[in-house]
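Worksheet for the structure shown next.
One-based numbering along the sequence shown. Heavy-atom basis, side chains included; hydrogens, waters and symmetry copies ignored. Computed from a predicted structure; not experimentally measured.
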Amino acid sequence: MKGWILMKNKLLISVTVFLLILTSCSIPSAKEDYKASPRPNPILNLISKPMPIPQNYNVEGLGFNITVLSDMQMDDSYQPYFIRFTSDSLDLKISKEKSPYDDLDMYFNKYIYKYLLNETFQKANEIKLVEHKSTTINGYNTKIVVLSRDAANLSSKDYYYQAIIVTGKRDFYMLNFKTSEPNKDTQRINDIINSFKATEAKPPSFALKFKPDSSDLGGEALDYYNKIKNADNVEWGIFYPASLKPFDKFKEIEQKINYKFPVMLHYIYLGHEFPKSTLEQAYEDDKIVELTLQTMWSVLPEDTADNKNTMHSTVYDIIDGEYDEYLRDFARQLKDFGHPVLFRLNNEMNGTWTVYSGIASMCDPDLYIEAWRHIYRIFEEQQVDNALWIFNPNDRDYPPLNWNNQVCYYPGDGYVHLIGVTGYNTGNYFEKKTGEKWRSFNEIFKHIDDRFGVMYRDYPWIVTEFASNSVGGDKQAWIREMFNSMHNYPNIKIAVWWSYFDPDPTTKKPARKYWLDEKEKYLMEFKKGLEMSK
């Protein structure tokens, strides 16, 4: 009897202690800042959260059937480009793709995994290749690639499990998982992949409409933004390399065409000194600088040793906070300058030639967005209110993958003031090598307007850089068409001519001759267009 009483008392004490633990746990309200909230109590989680159960989804838009656990929430707002499933530790993006080539292995290895399967790139970016194999799943040839990196933030989803499931001669699906708890989620990932079945796709039209927010701009910058946003005529800008004394070149051209360019383009890379003198000289000359910061070639000493920078993607380092000191100093100097700056960060991210692209970042545009927002928050912390942020994809996704579509990199409303567009008539110098062809002004910009207008119609647009080659067609007629057609694209408020050249990599001679002043007749055609558009 005494034994039973003793057991009963012990049980009562245990229950009392258990209840005290529960009541002492602080449960944050919905209005509290998540980051400031205490770590959730695991006992409460077990009680309040039901055990997830398998849930089947038939996704008509992308044409597949899949089973995931019920704790993964589906987001289909980015159809037809991808669908996302998310839980606390696991994220999955699924996209339906079509290769431009019959040779799928070549396409996968040369384009999609151009960087990630390169040992030099892996070493430079501390990426571990955990697994790389070909297998068969549900009768589909499947390529599995598993990658990981050690992020500074231990809660980051930095373990990637990717499955490319081939469903036709050129058709395939890409399933890109990322998890912060690989030991827990690996079996779940395999179960999801094994449940995949392709069905007939009925892709919807993209429905999201993005909107600008200028509430973070102040004074002169806000006035300038409102001026260009409401302008009826295009402001023209120009680029010449800094090494060629561009201000002298600008004056020479301006005198010939009787027009003073109100915008100039200037490039810097991560680690370069803040271009204070260039901004001040431009301001004295009544010019706004389109300041392009590309984080693809850091010039900091630790990144230039042994050519580390040639394969080093600083996206990971920016997210991990390794460049915060440099970026804070950059932001402080930009604020001290005090006048409007068109700030273009990491342009053409949807192309393989940038190592901040998704192709070089775990096939995951979310990392680009995370790096963008990290830099934006540093600017915000330093109270920078004179930077007009430009989101600037290339006019064509390269490679043409749905998950690499430019909209997948959009940083979000509140992080962007202008949409930048880039469109070159490259001519046909490299036609035999790359298949490039002469493109008219309208071929380029009608395509951009149709494509970008769907989601960015409410934004003012800036053609951040463009030009026409003289090889392969009539450059003078191209300029004439440009002026005659610009009114068809009312979102374009600024257009900056890139006046230099692209060399032939073998001979080093000019291959794409983009100079505006290459011949006098090109300048005179530009002058005539300016006079007609007044």
Side-chain angles (χ1 to χ4, degrees), residues 208-239 254 257-265 279 282-283 285-292 334 337-345 347 376 379-380 384-393 395 407 410-423 441-442 444-446 448-466 482-497 526 529-534:
L208 290 180
K209 310 287 183 187
F210 303 122
K211 293 185 179 297
D213 179 357
S214 58
S215 60
D216 55 348
L217 297 176
E220 194 179 341
L222 181 59
D223 291 342
Y224 177 70
Y225 180 71
N226 288 328
K227 173 193 164 189
I228 60 174
K229 187 177 180 181
N230 298 314
D232 293 325
N233 294 322
V234 173
E235 286 193 350
W236 297 91
I238 194 164
F239 165 78
E254 287 171 346
I257 64 175
N258 193 29
Y259 178 82
K260 191 167 187 177
F261 290 105
V263 178
M264 63 168 285
L265 170 59
L279 295 181
Y283 185 73
D285 198 33
D286 297 321
K287 286 177 171 44
I288 300 283
V289 175
E290 179 198 327
L291 180 59
T292 298
L334 181 55
F337 172 64
H339 304 295
V341 173
L342 295 161
F343 183 62
R344 180 172 68 150
L345 175 65
N347 57 302
Y376 181 92
F379 278 46
E380 193 174 42
V384 177
D385 63 357
N386 58 317
L388 283 71
W389 289 68
I390 302 170
F391 173 62
N392 181 195
D395 67 319
V407 76
Y410 177 71
D413 294 351
Y415 296 91
V416 177
H417 301 114
L418 296 102
I419 298 301
V421 299
T422 303
F441 178 84
N442 279 314
I444 298 167
F445 286 92
K446 179 67 166 62
I448 292 174
D449 191 73
D450 290 344
R451 189 169 181 234
F452 286 18
V454 173
M455 63 280 293
Y456 306 126
R457 189 60 74 195
D458 291 336
Y459 274 94
W461 298 1
I462 170 174
V463 184
T464 52
E465 54 182 275
F466 82 114
M482 174 185 75
F483 279 102
N484 289 338
S485 306
M486 190 62 81
H487 68 276
N488 294 322
Y489 312 107
N491 280 87
I492 296 176
K493 306 298 182 179
I494 303 171
V496 181
W497 188 283
F526 198 91
L530 288 169
E531 292 170 349
M532 290 176 59
S533 60
K534 285 181 181 178

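The heavy-atom pair separating Tyr415 from Pro411 by the smallest distance is CD1-O, 3.6 Å. Closest of all the heavy-atom pairs between Asn386 and His339 is ND2-O, 2.9 Å. Minimum interatomic distance between Asp213 and Asp216 (heavy atoms only, all atoms of both residues): O-OD1, 3.7 Å. Taking all atoms of both residues into account, the shortest heavy-atom contact from Lys493 to Pro460 is CG-CB, 3.9 Å. Taking each heavy atom of Phe452 and Pro393 in turn, the nearest pair found is CZ-CG, 4.1 Å.
No more than 12 heavy atoms of other residues, nucleotides or ligands shown are found within 6.0 angstrom of CG on Asp232. Atom NZ of Lys260 has more than 12 heavy atoms from other residues, nucleotides or ligands within 6.0 Å.
For Asp385, the side-chain contact (heavy atoms from CB on, under 4.5 Å) criterion is met by no residue, not counting sequence neighbours. Looking at residues two or more places apart in sequence or on another chain, you find a side chain to side chain donor-acceptor pair (under 3.5 Å) between Glu254 and Lys287. For Ser214, the side-chain contact (heavy atoms from CB on, under 4.5 Å) partners at least two apart in sequence or on another chain are Leu217, Leu222, Tyr225. Remark: His487 pairs with no residue by the ring-ring contact (aromatic ring centres under 6.0 Å, His included) rule, at least two apart or across chains. Applying the side chain to side chain donor-acceptor pair (under 3.5 Å) test to Asp413 and every residue at least two apart in sequence or in another chain returns Tyr410. Scored by the side-chain contact (heavy atoms from CB on, under 4.5 Å) test, Asn484 finds Arg480, Met532 as partners (sequence neighbours excluded).
Under the salt bridge (charged side-chain N to carboxylate O under 4.0 Å, His left out) test applied with Asp458, the options Lys229, Lys211, Lys209 reduce to a single match, Lys211. None of Val263, Val496, Val289 except one satisfies the side chain to side chain contact (heavy atoms under 4.5 Å, CB included) rule with Leu342; the exception is Val263.
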Next on the checklist: Set out, in order, the CA-CA distance, both residues' side-chain angles and the distance that settles side-chain contact (heavy atoms from CB on, under 4.5 Å) for Asp395 and Phe445, then state yes or no.
Outcome noted: CA-CA 9 Å; Asp395 67 319; Phe445 286 92; over 6 Å; no
Checklist entry - How far apart are the C-alpha atoms of Phe210 and Val407, what are their side-chain angles, what is the distance that settles it, and do they pass the side-chain contact (heavy atoms from CB on, under 4.5 Å) test? => result CA-CA 10 Å; Phe210 303 122; Val407 76; 3.5 Å; yes
Item to check | Evaluation steps, side-chain contact (heavy atoms from CB on, under 4.5 Å), between Phe441 and Met486 | outcome: CA-CA 9 Å; Phe441 178 84; Met486 190 62 81; 3.8 Å; yes
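Phe526 CZ to Ile257 CD1: the interatomic distance, rounded to the nearest 0.5 Å, is 5.5 Å. Note: Leu388 CG to Ile462 CD1 = 9.5 Å, rounded to the nearest 0.5 Å. Here the CG atom belonging to Asn347 is positioned 6.0 Å from the CD atom belonging to Glu465, to the nearest 0.5 angstrom. A distance of 5.0 Å separates OH of Tyr224 from CD1 of Ile288, quoted to the nearest 0.5 Å. Taking CZ of Phe261 as the start and CD of Glu235 as the end, the distance is 12.0 Å to the nearest 0.5 Å. In this structure, OG1 in Thr464 is found 7.5 Å from CG in Leu265, a value given to the nearest 0.5 Å.
Note on Asp449 versus Arg457: salt bridge recorded, some NZ/NE/NH1/NH2 to OD/OE distance being below 4.0 Å. Salt bridge Lys446/Asp450: present, at least one basic N to carboxylate O contact under 4.0 Å.
Ring pair Phe466/Trp497: centre-to-centre distance below 6.0 Å. If you look at Phe343 and Trp389, their ring centroids are closer than 6.0 Å. Taking the centre of each ring, Tyr489 and Trp461 stay at or above the 6.0 Å mark.
Side chains of Asn233 and Ser533: a donor-acceptor N/O pair is absent below 3.5 angstrom, by distance only.
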